[in-house]
Amino acid sequence: MQAKVTVLADDMMPGVEACLSQWRDAQGRAPEFAIVRMAGRSMQASALRDVQLLLVRSITRVDAELLAEANALRFVGSATIGQDHLDLDALKAAGVAWSTAPGCNAQAVAEWVLATVLRQAAREPEMTLAELRGKRVGVVGMGQVGRRVAALLSALGLQVVGCDPLLSQSDKADLAVSDWQNLASLLPTVDIVCLHTPLTRAGLAPTHHLFNAERLALLKPGAWLINAGRGDVIEADALAAYLQKGIALLDVLPNEPVPALEVIEACQQVSPHIAGHSLEGKWRGTWQITAKAAALLGYEQVGELADIIPAQAPPVLQWSAASAEHLVAPYAAIMAQVVDCEGDDQRLRAAVAAYPGQASAFDDLRKHYATRREIAAHRIFGVAKASSAQQLLTDLGFCC
């Protein structure tokens, strides 16, 4: 008789049961699981007694304190790109293997950035694509997210400048980047800055408070500061001072889940750390970490993610025949139906105003975030064949 595999999983992580149902041993048998769900911020050491697999997201700090009573733990999986919430030294000391899910939601984050750039540009109703394409974008952090951002914004027609001191020359090859600069050279010369770095406090290029008052002062007047990486890459007091005159469009904020109300109020656009919250990105993260756990425990995770991800009719979008192809506005309108930046902004402002200083105001928005599909799942009708609009929308990944 096979031993039961005991699992503790964040209650907001989708697909845990479905992914684990794909495990098979060498004889093709499925193991038996005991799965406990718990809020990620509520996990305490006592909850890990007799648990073999711990599946978390970035809101759970996995450190020596949490691991203190983990008498059976074999593996910690985080369905995230970053690993700053994992104390790797503590995991090593406890003899516990771990894995994140690199790239799982990279496409979703990149699409959030695309929607944000188009929305911000469309605040000027008559802004043309040619005018938008005249802007230079600096992408700081060229990991899997930064590369997807660079590819999408390049497809839109913007000039992308990359910055990542950890990349070798060979790593930089074939990326959608027109130039590479160090941070000090990049910041005064670009019109849009996109931050996609992990949060690190040591190593060759630590990023904690990388954007302090001195670096924020280097930004061009009127530049758009976009952060969909980690909130504490920007120093909180410096951000508050910058926002007195600067433009910030932030999906992540310092001091989550209780960011300063005055920072939220001063941002041009803000959302509750949901840039990566596509249906595909969430399920992909779960699939990746459960596959790693299966291999560690001597099982195989069979099939493909597409076999178990919830089947839904592809979202259908309509292009208006009256749309002016040369303007930004119609493309911003299409992307607004993929990523609801305006709605996310309004909901977060309302929540933190109604419940100031309460983490639940932030977390509940994430927990109950509406289902969002990535661009590739959408089909657009009404676009003229062989038109410039069809070409651009296709380049961005739409089917039309």
Side-chain angles (χ1 to χ4, degrees), residues 81-84 100 102-118 120-121 129 132-200 203-212 214-220 222-234 242 246-252 275-276 281 375 392 395-397:
I81 294 175
Q83 62 187 50
D84 50 283
T100 56
C104 64
N105 61 0
Q107 183 63 28
V109 176
E111 292 178 7
W112 179 91
V113 173
L114 174 65
T116 294
V117 167
L118 287 169
Q120 183 65 17
L129 283 173
L132 178 58
R133 287 166 173 166
K135 295 184 181 295
R136 283 165 51 90
V137 181
V139 178
V140 182
M142 290 294 294
Q144 297 206 44
V145 175
R147 296 174 192 208
R148 300 284 185 105
V149 169
L152 272 181
L153 295 185
S154 292
L156 185 59
L158 280 70
Q159 180 185 359
V160 177
V161 181
C163 176
D164 195 323
L166 300 181
L167 289 188
S168 66
Q169 287 303 120
S170 60
D171 290 332
K172 296 176 180 178
D174 300 323
L175 297 183
V177 173
S178 62
D179 189 19
W180 293 89
Q181 293 182 358
N182 62 38
L183 195 57
S185 299
L186 177 146
L187 294 179
T189 64
V190 296
D191 305 290
I192 305 170
V193 180
C194 297
L195 308 186
H196 300 291
T197 71
L199 182 63
T200 58
L204 296 176
T207 63
H208 182 255
H209 291 176
L210 176 66
F211 277 71
N212 53 23
E214 179 182 356
R215 290 199 172 95
L216 289 173
L218 294 176
L219 289 170
K220 291 173 62 173
W224 307 348
L225 176 63
I226 299 175
N227 190 7
R230 286 290 185 265
D232 289 325
V233 167
I234 306 177
Y242 168 80
I247 296 172
L249 309 128
L250 307 179
D251 178 61
V252 293
I375 283 175
L392 176 54
D395 289 346
L396 294 176

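If you run side chain to side chain contact (heavy atoms under 4.5 Å, CB included) between L225 and each of L249, I247, I234, only I234 comes through. The only option from R136, R133, K220 that meets the salt bridge (charged side-chain N to carboxylate O under 4.0 Å, His left out) definition with D191 turns out to be K220.
Between I81 and C104, the closest heavy-atom pair is CG1-N, 4.3 Å. Scanning both residues, L132 and L156, for their nearest heavy atoms gives CD2-CD2, 3.9 Å. Smallest separation of non-hydrogen atoms from A275 and D251: N-OD2, 3.0 Å. Of all heavy-atom pairs spanning V177 and D179, the tightest one is CG1-O, 2.8 Å. Here the shortest heavy-atom pairing between L167 and L175 reads CD1-CD1, 4.4 Å. For C163 against L186, the heavy-atom pair with the smallest separation is CB-CD1, 3.8 Å.
Of the possible donor and acceptor atoms, none in the side chain of Q120 sits under 3.5 Å from a partner among the backbone N and O of W224. Side-chain atoms of N182 come within 3.5 Å of backbone N or O of S185 as a donor-acceptor pair. Of the possible polar contacts, one joining the D171 side chain to the S168 backbone as a donor-acceptor pair under 3.5 Å is found. In this structure, T207 contributes its side chain and T197 its backbone to no donor-acceptor pair below 3.5 Å.
The line from CG of L153 to CG of L114 is 6.5 Å long, rounded to the nearest 0.5 Å. To the nearest 0.5 Å, atom CE of residue M142 and atom NZ of residue K172 are 10.0 Å apart. If you take CG on L199 and NE2 on H209, they are separated by 8.5 Å, rounding to the nearest 0.5 Å. How far CZ of R230 is from NE2 of H208: 12.5 Å, rounded to the nearest 0.5 Å. Rounding to the nearest 0.5 Å gives a distance of 5.0 Å between CZ of R215 and CG of L210. K135 NZ to L158 CG: the interatomic distance, rounded to the nearest 0.5 Å, is 8.5 Å.
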Please walk me through it: do Y242 and L219 pass side-chain contact (heavy atoms from CB on, under 4.5 Å)?
CA-CA 10 Å; Y242 168 80; L219 289 170; 3.7 Å; yes
Go through N105 and W112 one step at a time and tell me if the side-chain contact (heavy atoms from CB on, under 4.5 Å) criterion holds.
CA-CA 11 Å; N105 61 0; W112 179 91; over 6 Å; no
Going through the distances and angles, do Q107 and L152 end up as a side-chain contact (heavy atoms from CB on, under 4.5 Å)?
CA-CA 9 Å; Q107 183 63 28; L152 272 181; 4.2 Å; yes
Carefully, step by step, assess T200 and D84 under the rule side-chain contact (heavy atoms from CB on, under 4.5 Å).
CA-CA 7 Å; T200 58; D84 50 283; over 6 Å; no
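Using a 4.5 Å heavy-atom cutoff, the side chains of L392 and L129 are in contact. Side-chain contact between Q83 and P198: absent, with no pair of heavy atoms (C-beta onward) separated by less than 4.5 Å. No side-chain heavy atom of P165 sits less than 4.5 Å from a side-chain heavy atom of L204.
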